Amino acid sequence: MPELPEVETIVRDLRPHLEGRMIVDVRVNWPRAIAEPAEDVERFRAGVLGRRIVRVRRRGKLVWLCLDDGQSLVIHLRMSGRLVLLPAGSDRHLRVTFALAYANAWTPDRGEPECSYLYFHDQRKFGRIWLTRDAARMLDLLGPEPLAESFDSGELAALLAKRRGALKPLLLNQRVIAGLGNIYADEALFRAGLHPQRTADTLSEEEVVRLHSAIQAVLQHAISLHGTTFDGLFVRPGGEEGRHQEGLRVYGQAGIPCTRCGTPIERIVVGGRGTHICPRCQPLTKGKAGKQGACR
DNA sequence: CTATGGCCCTGGTTGC
DNA sequence: TGCAACCAGGGCCATA
């Protein structure tokens with residue numbers, strides 16, 4: 001499930017292969033993957049053919065390809081979407097293929113293929129691609145980027161203030177903060193020593209600071225390890241797996257001793273989502289245990 | 001505003 | 001061994 005670190009990895013890997021390339025062909029095997037123009041393969045094709053990809057960016061969990069005519073391709077991988085540069089083993093889950101060439105056909109080849117491909121694979125068919133002239137309209141719906149310079153603990157405090165709901169569903173809400181999914185929400189809460197069902201507006205200033213650094217630390221750590229390949233769903237564009245799964249402290253670790261205190265990790269349900277906690281390091285009621293749960 | 005539940009999907013797991 | 005039921009997961013939508 002590509003979350004911020006996985007999408008960041010994808011974007012960084014893809015960038016040198018896509019920027020400057022021209023889309024010379026598109027094949028759509030599963031029209032519903034095209035969210036805009038909705039399921040209209042012909043208009044989608046006509047819109048992207050001959051366009052050059054000028055920038056490859058990320059916003060939250062979205063991959064954002066800026067085209068040379070002001071349009072954008074915005075891609076959400078959701079659960080099982082993949083963007084890969086090499087054809088995968090089976091075609092069964094291949095939904096969309098982009099054929100790419102250098103904008104200038106005569107560019108020296110130096111072993112570089114004349115044409116390369118970007119494949120959108122998606123086993124579970126939740127992923128979507130939007131072709132839009134107004135990417136800002138979509139991207140502005142998202143909350144702040146947790147790794148932005150400007151995102152300090154004061155801003156996080158402001159987001160949490162006046163929120164009566166549980167902490168975890170709030171962290172998963174992309175309109176509140178962009179890019180966290182189930183894995184990193186659980187990992188950040190563990191590092192901060194906070195129970196996912198804590199009411200957001202009851203955090204002390206110190207707890208907010210802890211949460212803020214926990215979020216940034218886990219995201220940065222995961223990016224440095226090229227994301228988490230937990231269930232085999234996420235692979236990098238070149239086919240490699242991430243390595244952050246080895247750093248997971250609670251996600252998917254039910255029954256395994258907590259790395260801090262040895263108490264078995266528990267799996268509970270919060271806001272309808274599977275949630276992993278150390279019941280001792282992340283007490284629901286204010287206690288001393290959580291205090292020492294500072295990120296690390 | 002918040003909570004809950006259904007829906008979209010597939011493939012892996014569980015239960016019989 | 002076969003097969004049906006169930007479930008996870010992100011985001012959106014409807015309902016309460």
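Computed from a predicted model, the values in this text were never measured in an experiment. Chain letters run A, B, ... following the sequence lines, proteins first and then strands; every chain starts at 1.
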Using a strict threshold of under 4.0 Å (side-chain N to carboxylate O), is an ion pair present between E145(A) and R58(A)?
yes
Return no unless some side-chain N or O of K125(A) is found under 4.0 Å from OP1 or OP2 of dC8(B).
no
When the distance from CD of Q123(A) to P of dC9(B) is rounded to whole Å, what number comes out?
14 Å
W64(A) ring centre to R57(A) NZ or CZ under 6.0 Å, with the angle to the axis within 45°?
yes
I268(A) atom CD1 is separated from dA8(C) atom P, nearest whole Å, by 14 Å
Of the candidates dA8(C), dC8(B), dG11(C), the side chain of R32(A) sits closest to dC8(B)
So, is Y251(A) near the phosphate of dA8(C), with a side-chain N or O under 4.0 Å from OP1 or OP2?
no
From dT10(B), dC9(B), dG9(C), nucleotide with atom closest to M1(A) side chain:
dG9(C)
Less than 4.5 Å apart, any side-chain heavy atom of Q71(A) and any of T132(A)?
no
When you measure from the side chain of R78(A), which nucleotide among dT10(B), dG11(C), dG9(C) comes out closest?
dG11(C)
Answer yes or no: does a side-chain N or O of Q174(A) lie under 4.0 Å from OP1 or OP2 of dG11(C)?
yes
Closest to the F126(A) side chain, choosing from dT10(B), dA8(C), dC9(B)
dC9(B)
Taken to the nearest whole Å, CD/Q197(A) to C1'/dA3(B) is 12 Å
Give G272(A) one of three labels, base, sugar-phosphate or nothing, depending on what nucleic acid heavy atoms sit under 4.0 Å from its own.
nothing
Whole angstroms only, please: what is the CG-P distance between N173(A) and dC12(C)?
9 Å
Could you tell me how far apart R175(A) (CZ) and dT2(B) (C1') are, to the nearest whole angstrom?
15 Å
By nearest atom, which of the nucleotides dG11(C), dG9(C), dC9(B) is closest to the M79(A) side chain?
dG9(C)
Taking D68(A) first and then R51(A), would you say they form a salt bridge - that is, a charged N and a carboxylate O separated by under 4.0 Å?
yes
When the distance from CZ of R128(A) to P of dC8(B) is rounded to whole Å, what number comes out?
11 Å
Write down the atom of I268(A), the atom of P196(A), and the distance for their closest heavy-atom approach.
CD1-CG, 4.4 Å
Is there a side-chain contact between R92(A) and the phosphate of dT10(B), meaning an N or O under 4.0 Å from OP1 or OP2?
no
Determine the contact category for R267(A): base if any of its heavy atoms lies under 4.0 Å from a base atom, sugar-phosphate if only primed atoms, P, OP1 or OP2 are that close, otherwise nothing.
sugar-phosphate
Of the listed dT2(B), dC9(B), dG11(C), the closest approach to the R164(A) side chain comes from dT2(B)
Any side-chain N or O of H93(A) under 4.0 Å from OP1/OP2 of dC9(B)?
no
Whole-Å gap separating P (dG11(C)) and CD1 (I177(A)):
13 Å
Protein-nucleotide distance (L170(A), atom CG; dT2(B), atom P), rounded to Å:
7 Å
Evaluate the criterion salt bridge (Lys or Arg N to Asp or Glu O under 4.0 Å) for residue pair E6(A) and R236(A); output intermediate values, then yes/no.
CA-CA 8 Å; E6(A) 290 74 36; R236(A) 297 169 63 181; over 6 Å; no
